[in-house]
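These notes concern the structure reproduced below.
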Amino acid sequence: MIDLRSLREDPETAREAQRRRNASPALVDDILAADESRRSAIASFERLRAEQKSLGKQVAAASGPEERQALLDKTREVAAQVKTFEARQTAAEAEFSRLVAQLPNLASLEAPAGGEDDFVVLEHIGTPRDFAAEGFEPLDHIELGKRLGAIDIERGAKVSGARFYYLVGVGAELELALVAMAMDQAREDGFVPMLPPALVKPRAMEGTGFLGQAAADVFHLPDDDFYLVGTSEVALAAYHADEILDADSLPRRYVAFSPCYRREAGSYGKDTRGIFRVHWFDKVEMFTYTTVEASYDEHRRLLGWEKEWFAKLELPYRVIDTAAGDLGLSAVRKFDCEAWIPTQGKYRELTSTSNCTDFQARRLNIRGRFADGVRPVATLNGTLMASARTIVALLENHQQADGSVRVPKALQPYLHGRSVLEPVDTPL
RNA sequence: GGAGGAUUCGCAUAGUGGCCUAGUGCGCACGCUUGGAAAGCGUGUUGGGUGCAAGCCCACGCGGGUUCGAAUCCCGCAUCCUCCGCCA
């Protein structure tokens, strides 16, 4: 949720932010109206409640039975009214919360206005290989995965259905190597390593903004009311819920490895081949708690660490500034790093970093104790390594004419010094 | 899964219907004292809502209920601890 005071004082900024997201500015006015009736309900209730309390004290101090009885009669009446107005206040607050939960964070003025296709390319780094000049047709990751004995999609479908896979042999080793390398990088940069739960309660999901429009994309276990996280961001943000962090302890940086589960409800027919879009993958995620003021620089820093990662993997990629309409509910701005996928002839998202300012922190009640008082902190997240897609990009970009795959130098120590992954005798 | 116990201010605790406007100790901050420190003494020390403000209201794990009045009584739930059972 966003800061109410600023919403009241300057509703036009919020309306404009809604327009930039292609969302309804009327929601802002509905919220302000609900806030109005909520506050008047609070005032009425509190006035009655104060009267009730003072009468209650007079009852205790009453001098005789008649005086006492008279006070009791009067008080009974007030007590009934208090109950009525309390219900009215509860209802007004519920309506207010319902509306305010729908309002996304105010998109940054620097984020391009518009929808999914209105992103701005910030830079290109590296050059896609010219396979024609090298004299061979690149194979896709499905074929490469089979030949290396690394990715078993057929059996994934047999056991778990569409959008599931097994990483086998060198494929499994490759993921573990990538995870170890990513965790090492982040740890060296000062992140505290974490292994968080992948099942969370509704509060954590709601607080990170995944139960609004994004709810259809989330797996839910109704018998136990658990959600499967789509990213460890959820567990990392909720980690400090209801806490007041010392200003000295900021920024706090965590890096988590966890499985990620996504229903991919809105993407039927998209990326149906291979393991580019799957119901489960593993991810190494960076997460920062800091101040709102420091969040903008921190966002650039997270992007910098992602770029460092791409450089180590020697992948050609571009960085885009996501348009306001394509931001998640919580984010004010988002940068994606998109790797070149040779057989698709396109750049595709591998990592993503969002600045959520104090939006998630307000919902999860995470504050900092500063010299001038207690205020919500800012939260930011950034992917370091999303396993399935990273493997796709690595195999396709570093494949060689004989069907083997070159291992980038930085990754070699994590694969016991291997510099090439060779096809196996019996492909999958 | 079963049986008991617990949950109060950063920590430890007191509190069994109105004297709780939640006390005390520790810790922390500031001051006095001192050559400096410790000790001692004194003062302060949760958060939220609402209001221009004074103030008022809320919160004793969470949600209901009883009552004129609930930290206190009743019901439900959650979490933690102990024991039993099962288990990677």
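Chain letters run A, B, ... following the sequence lines, proteins first and then strands; every chain starts at 1.
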Rounded distance (Å) that lies between atom C1' of B:rC57 and atom CD of A:Glu93: 12 Å

Whole-Å C1' distance, B:rC68 and B:rA78: 32 Å

A:Ile42 side chain, from C-beta outward: closest of B:rC57, B:rG49, B:rC68: B:rG49

Watson-Crick/G-U partner (both atom distances under 3.5 Å) of B:rC56: B:rG49

Sugar-phosphate only, base, or nothing, as touched by A:Lys83 at under 4.0 Å among non-hydrogen atoms: sugar-phosphate

Sugar-phosphate only, base, or nothing, as touched by A:Arg203 at under 4.0 Å among non-hydrogen atoms: nothing

Nearest-Å distance once atom C1' is located in both B:rU79 and B:rU8: 16 Å

Integer-rounded Å distance: B:rC77 P and A:Asp225 CG: 16 Å

A:Ala79 side-chain proximity, nearest of B:rU50, B:rC57, B:rC68: B:rC68

Aromatic ring proximity A:His279/A:Tyr261, centre distance under 6.0 Å: no

Pair A:Lys283 + A:Glu285: basic N to acidic O under 4.0 Å: yes

Sugar-phosphate only, base, or nothing, as touched by A:Ala50 at under 4.0 Å among non-hydrogen atoms: sugar-phosphate

Check: A:Ala157 main-chain N/O paired with A:Ser160 side-chain donor or acceptor under 3.5 Å: no

B:rA88: pairing nucleotide in any strand, Watson-Crick or G-U under 3.5 angstrom: none

Gap between atoms NZ and C1', on A:Lys201 and B:rC62 respectively (whole Å): 11 Å

Separation between the P atoms of B:rU7 and B:rA12, rounded to whole Å: 11 Å

Salt bridge A:Arg406-A:Glu314, side-chain N to carboxylate O under 4.0 Å: yes

Shortest side-chain distance from A:Arg8, nucleotide among B:rG51, B:rC68, B:rG47: B:rG51

Spacing of A:Ile244 atom CD1 relative to B:rU45 atom C1', expressed in whole Å: 13 Å

A:Tyr289 (side chain) donor-acceptor with A:Ala361 (main chain) under 3.5 angstrom: no

Between C1' of B:rC56 and CD of A:Glu51, the distance in whole Å: 14 Å

Length of the line joining A:Arg39:CZ and B:rC56:P, which is rounded to integer Å: 21 Å

Proximal nucleotide (of B:rC68, B:rG48, B:rU66) relative to the A:Arg76 side chain: B:rC68

Residue whose closest nucleotide on RNA chain B lies nearer the 5' end, A:Arg47 versus A:Arg369: A:Arg369

Strand partner of B:rU82, provided both Watson-Crick or wobble distances fall under 3.5 Å: B:rA3

Integer angstrom distance from the P of B:rG61 to that of B:rU72: 8 Å

Partner nucleotide, any strand, of B:rG18 [Watson-Crick/G-U, under 3.5 Å]: B:rC68

Strand partner of B:rA12, provided both Watson-Crick or wobble distances fall under 3.5 Å: B:rU24

Euclidean distance for P, B:rC86 against B:rC73 (whole angstrom): 37 Å

Length of the line joining A:Gln89:CD and B:rG49:P, which is rounded to integer Å: 13 Å

Check: A:Gln52 side chain, B:rG69 base, donor-acceptor under 3.5 Å: no

Nearest listed nucleotide, side chain of A:Arg49, among B:rG47, B:rG49, B:rA70: B:rA70

B:rU34: pairing nucleotide in any strand, Watson-Crick or G-U under 3.5 angstrom: none

A:Arg362 side chain to A:Pro376 backbone, donor-acceptor under 3.5 Å: no

Among A:Phe191, A:Phe310, A:Phe287, the one residue meeting ring pair (Phe, Tyr, Trp, His ring centres under 6.0 Å) with A:Trp305: A:Phe191

Span that lies between the C1' atom of B:rG85 and that of B:rG17, in whole angstrom: 42 Å

Integer angstrom distance from the C1' of B:rU46 to that of B:rC9: 5 Å

Separation between the P atoms of B:rG10 and B:rC60, rounded to whole Å: 14 Å

d(CZ, A:Phe370; P, B:rG47) in whole Å: 14 Å

